[in-house]
Amino acid sequence: MRTSEHTFPADFTFGVATSAYQVEGGIENDWAEWERAGRLKEPHARCGPAVDHWNRYEEDYRLATAVGATAFRISLEWARIEPVRGQFDEAALEGYRERLLKMKACGLTPVVTLHHFTHPTWFHRETPWHSPESVEVFRRYSRRCAALLEGLDARVITFNEPMVLLLGGYLQGAIPPGIADGALTMKAMENLVRAHAVARRELGERLGRVPMGISQNMLAFAPDRWWNPLDRALVRLGAQAYNHAFHEALSTGKLRVNMPGVATARVDIPEARDSVEFVGVNYYSRAHLRFVPRPPFIEFKYRDTQGRGLTDIGWEDWPEGFLQTLRDVKRYGKPVWITENGIDDRSGTRRPHYLHTHLAQVLAARAEGVDVQGYLYWSLLDNFEWLEGWGPRFGLYHVDFDTLERKPTPACDYFRQVATGKRLVAPL
Ligand code: IFM
């Protein structure tokens with residue numbers, strides 16, 4: 001494994017990331033219900049056919065290989081696989097298997113997420129994450145997923161961004177299941193940790209040694225007022241709870257959250273100890289935190305501190321925080337995979353520069369001894385961006401949302417150069 005200031009080692013993986021609901025189309029799940037209830041920013045927006053990846057997957061694999069990707073991250077849609085509790089849809093399982101076999105035949109290593117925000121419609125009503133049954137139903141689901149992954153040499157992510165699900169769905173009530181309760185948030189967090197551990201056991205029994213981890217959304221944090229001790233305390237507590245509590249639980253088997261007045265947890269989960277083979281990092285931006293003297297006591301904002309201009313979704317472009325984040329996960333002593341990094345750039349003009357500055361931080365982290373082994377760009381295609389609907393565009397390929405035609409953005413060429421040359425060059 002050789003690396004220099006500008007080169008990635010020959011075995012470094014460049015790939016692309018997607019998730020089922022955001023691209024496949026035709027899925028009936030908790031988000032489809034949420035949309036019909038008018039809960040998106042634009043109340044009439046619907047994911048509906050998404051970008052029809054379920055039917056256009058072969059074209060999409062070709063688009064991925066055309067930019068030099070050798071790994072492709074998808075997620076399995078639980079609602080397709082188990083639309084009715086306890087009843088598994090064999091055709092859906094077969095459909096995923098067929099797609100993964102084709103993916104592999106195209107020279108793309110599958111990176112498979114078992115859970116990327118969405119749930120079957122029965123889940124929140126019958127076995128929500130704050131109920132103990134949630135762990136058992138996830139175990140059964142992952143057993144079926146294990147069978148479908150046989151012989152594929154996939155890398156597996158149990159949960160995508162569990163803290164986003166918990167904060168948005170259990171603490172703020174902004175996404176499904178729409179709960180706003182600190183105690184239930186912590187119960188749900190505990191069960192997510194337990195669910196990760198049981199899924200790992202199921203997959204291990206069926207597949208033998210399989211690299212497993214989670215994808216954690218990690219933010220760089222800064223105090224809104226650098227001189228204010230309360231803002232600074234929030235940064236310390238917030239970074240620990242948001243960025244590290246989940247990773248730490250999967251490393252030590254101890255779940256510890258300390259957000260006074262918001263949510264606290266102190267639970268030992270021995271089966272989760274040392275339960276990942278890699279640390280998955282999704283990095284996008286930096287947030288400024290400000291103490292406010294009323295619940296939830298935190299104000300969260302993105303600021304354009306460097307005059308680079310916020311990204312189109314309104315996030316700070318802060319590559320410097322990527323290096324800090326990667327340094328911070330070195331403590332877990334595991335290989336690191338960037339399972340997402342990308343920019344909402346609706347004109348397509350900023351993305352090559354964003355890629356360049358962020359990949360430079362990956363190289364800097366490697367030079368400091370952080371064992372980053374892979375980088376998956378979010379996303380291959382423009383897609384459905386949850387509460388934001390169809391506004392944002394994160395894709396290397398631009399998608400015309402009426403015709404679903406895919407067209408390369410300028411970043412495709414740039415990504416291909418770096419991914420195939422394993423060398424960081426400046427964008428033209
Ligand atoms: O689109 C999302 C993805 O589903 C999870 N990580 C962040 C992306 C951009 O917001």
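All values below come from the heavy atoms of this structure, side chains included, with hydrogens, waters and symmetry mates left out. Just follow the structure's listing: the first ligand is 1, and inside any ligand the first atom is 1.
Without hydrogens or angle criteria, R351 side chain to G395 main chain gives a donor-acceptor distance under 3.5 Å. The main-chain N or O of S215 is never found under 3.5 Å from a side-chain atom of T339 such that the two would form a donor-acceptor pair.
Across P176 and L165, no two heavy atoms sit closer than the pair O-CD1, 4.1 Å.
Side-chain contact annotation: D328 with Q324, donor-acceptor N/O pair under 3.5 Å present. The closest side-chain donor-acceptor pair between D371 and Q373 falls under 3.5 angstrom.
For the pair W378/V16, no side-chain contact is recorded, criterion being any heavy-atom separation below 4.5 Å from C-beta on.
For ligand 1, the 4.0 Å heavy-atom shell contains residues Q22, H116, F117, N160, E161, Y284, W315, E340, W378, E385, W386, F394.
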